[in-house]
Enquirer: 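I'd like to ask you about the structure that follows.
Reminder, nothing fancy here: chain letters follow the sequence lines and each chain counts from 1. Hydrogens, waters and symmetry mates play no part in the numbers below; they use all other heavy atoms, side chains included.
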There are 2 protein chains.
Amino acid sequence: MHATRQVAPSMGACQTCGLRHRAVCAALNDTELDDLQRISHRKSFEAGTTVALEGEPMDYFANILNGVVKMTKTLADGRQQIVGLLFPTDFLGRAFVTEAPYRAEAATDLELCAFPHSSFEQLLHKYPQLEHRLLESTLSELDTAREWMLLLGRKTAEEKVASFLHLLTKRADLSAPCNANQDGPLRFPLPLTRTDMADYLGLTIETVSRQITRLKKQGVISLVDSRTIEVAALEDLEDISGG
Amino acid sequence: MHATRQVAPSMGACQTCGLRHRAVCAALNDTELDDLQRISHRKSFEAGTTVALEGEPMDYFANILNGVVKMTKTLADGRQQIVGLLFPTDFLGRAFVTEAPYRAEAATDLELCAFPHSSFEQLLHKYPQLEHRLLESTLSELDTAREWMLLLGRKTAEEKVASFLHLLTKRADLSAPCNANQDGPLRFPLPLTRTDMADYLGLTIETVSRQITRLKKQGVISLVDSRTIEVAALEDLEDISGG
DNA sequence: ACTGAACCTTGATCTTGGTCAAATGCCGTG
DNA sequence: CACGGCATTTGACCAAGATCAAGGTTCAGT
């Protein structure tokens, strides 16, 4: 359903990969990249599939080539919270521990460029600039997480939903085919179900649905179908999302 | 008021510092540590003082020797959220950028072991194991932030307050003098005002106050005074906090 | 001891978002 | 086409926590 863009590398062709200068690989020069290429392999998951279980070993790292990964935490009674989304170019996997710290699930159909755990850690050791890059990407993940803490703790339901849609407008070019560069209103598919959106925003599906209806009535967005958004007034969306 | 423990190093004595093997310094051996010692200096702040402003340059990094730092984000209309607390042994400052990403404020009286920005970055370059340590500490900050996202998005007011108190029982030995190793109920001072607790938990001060009263009535905790907690039933506190 | 400011607690009331329930729409399959 | 399952929407009602409004405590400064 998703995943039709041609940014993905053909096997063994890191040099020409669309992510070459945007994912962790950017830390390496062409020669060094060969080392990475040698250990890389493709992996795909269907939407809804579990990629890693909390506390269970995960034997590889990966760049997201295509699709969206959700990382979730769960309370004993089943309440769930999505604690992070990974988009194309993002790095999946936790260095220096074998157990995954959260459950990772394919929110959409997914393509990964994967590296076996131990081989990749050897490369981290061999190339400090790779580890440096990982530190920088971890720091920016931390910023994102804290931005979301502000949303979860202090924003209203309307601001939350608007913030999420606004986030997607910024990452839509990455997460799905879209008309970002064309004229007319910005249109893109939602990578998450209403349930997932609720779990990401700390709301219920009913509230998410009502707030979407509300934004629709205000003329800020419209729905092509229930999973395809068209942003009519990006400025307004940004205003409503509250900074 | 706080800050009476003797873990702090005397100036120029990293080797005998109580944090030697617990803070970032642990990444370096005794010889390498001299390099760090040479650039280190003490800094103190009074409770309530601003340590760094969001978006403003911060010209040093620091280990927390004593006290607690709160990092906050604010919406345009003044709504606030504390997005992280730093306790003794934690590392303050963001590598590779000069601007602080959040406002940092001394929640209690504070003592820091500070390193000038550029000198420290030179050491990061010289000693990859120091950068490695920084990556590990950033990853654990990320875990903490995501744990808090679950709390903010999905826990009830009672669970939130219990979780915070439970967190303190785990870090009380770090944040303040306490009787953790003695017999009897665990007693420690709260490093935050009710307002700060509310900003950390995504609640109002009234709700925080009511939930504390509630826990008191249940016999889980008692208040020596409004800023000193005694945990009567640690098990119960853990249960209520919801895993 | 008196005063004012901060901080904390408590009560009464209101509102936002949750809960419960039902209806609608959208496939994919027999 | 009819059926069943799933995602989404909508409505009616409810409750957790926010808001508004007093009071109480503590403490520094006079």
Enquirer: Return the SG to CZ distance between Cys17(A) and Arg22(A), rounded to the nearest 0.5 Å.
Expert: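 Here the interatomic distance stands at 9.0 Å.
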Enquirer: Taking CD from Gln211(A) and P from dT9(D), how many angstroms apart are they, rounded to a whole number?
Expert: 12 Å
Enquirer: From the set dT10(C), dG17(D), dT9(D), return the single nucleotide nearest to any side-chain atom of Thr213(A).
Expert: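 The nucleotide sitting nearest to the side chain is dT9(D).
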Enquirer: Looking at CZ of Arg214(A) and CD1 of Ile240(A), how far apart are the two atoms once the value is rounded to the nearest 0.5 Å?
Expert: 8.5 Å
Enquirer: What is the distance from NZ of Lys217(A) to C1' of dT9(D), rounded to the nearest Å?
Expert: 10 Å
Enquirer: Just compare dG17(C), dT10(D), dA18(D) and give me whichever is closest to any side-chain atom of Thr207(A).
Expert: dG17(C)
Enquirer: Please check the phosphate of dC8(C) (OP1 and OP2 only) for any side-chain N or O of Arg227(B) closer than 4.0 Å.
Expert: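 Answer is yes, contact under 4.0 Å.
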Enquirer: Would you classify Ser226(A) as touching base, sugar-phosphate or nothing, given that sugar-phosphate means primed atoms plus P, OP1 and OP2, and contacts are heavy atoms under 4.0 Å?
Expert: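 Answer is sugar-phosphate: Ser226(A) comes under 4.0 Å of backbone atoms only.
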Enquirer: Return the value, rounded to whole Å, for the distance between atom CD of Glu159(B) and atom P of dA16(D).
Expert: 12 Å
Enquirer: Given dT8(D), dT9(C), dT19(C), which nucleotide is nearest the side-chain atoms of Ile205(A)?
Expert: dT8(D)
Enquirer: For atom CD of Glu46(B), decide whether the heavy atoms of other residues, nucleotides or ligands shown that lie under 6.0 angstrom number more than 12.
Expert: no
Enquirer: Less than 4.0 angstrom between a side-chain N/O of Thr204(A) and OP1 or OP2 of dG18(C), yes or no?
Expert: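 For dG18(C), OP1 or OP2 has a side-chain N or O of Thr204(A) closer than 4.0 Å.
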Enquirer: Distance check needed: dG17(C) P versus Arg214(A) CZ, whole Å only.
Expert: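 Going from CZ in Arg214(A) over to P in dG17(C) covers 9 Å.
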Enquirer: Considering every strand and a 4.0 Å limit on heavy-atom distances, what is the contact class for Gly202(B): base, sugar-phosphate, or nothing?
Expert: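 Touches sugar-phosphate only.
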Enquirer: Tell me, with the steps shown, if Phe188(A) and Ile229(A) meet side-chain contact (heavy atoms from CB on, under 4.5 Å).
Expert: CA-CA 6 Å; Phe188(A) 53 88; Ile229(A) 288 279; 4.0 Å; yes
Enquirer: Between atom CG in Asp196(A) and atom C1' in dT8(D), what is the gap in whole Å?
Expert: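 Result: 14 Å.
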Enquirer: Taking only the side-chain heavy atoms of Thr193(A) (C-beta and beyond), determine which of dG17(C), dT8(D), dA18(D) contains the nearest atom.
Expert: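 For the Thr193(A) side chain, the nearest candidate turns out to be dT8(D).
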Enquirer: Please state how far atom CD in Glu206(B) lies from atom C1' in dT13(C), giving the value in whole angstrom units.
Expert: 13 Å
Enquirer: In this structure, how many angstroms lie between the C1' atom of dT8(D) and the CD1 atom of Ile229(A), rounded?
Expert: 13 Å
Enquirer: When only distance counts, do a donor and an acceptor, one from the side chain of Arg210(B) and one from the base of dT19(D), lie under 3.5 Å apart?
Expert: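 Yes, the side chain and the base share a sub-3.5 Å donor-acceptor pair.
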Enquirer: Quick check: on DNA chain D, is the nucleotide nearest Ile212(A) upstream (toward 5') of the one nearest Arg154(A), or the reverse? Name the residue that is more 5'.
Expert: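 Nearer the 5' end of the strand: Ile212(A).
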Enquirer: Using atom CG of Leu192(A) as one end and atom P of dT8(D) as the other, report the distance to the nearest whole Å.
Expert: 10 Å
Enquirer: Tell me, with the steps shown, if Thr138(A) and Phe91(A) meet side-chain contact (heavy atoms from CB on, under 4.5 Å).
Expert: CA-CA 9 Å; Thr138(A) 305; Phe91(A) 186 80; over 6 Å; no
Enquirer: Within the 4.0 Å heavy-atom criterion, would you say Leu223(B) contacts the bases, only the backbone, or no part of the nucleic acid?
Expert: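 The residue Leu223(B) makes sugar-phosphate contact but no base contact.
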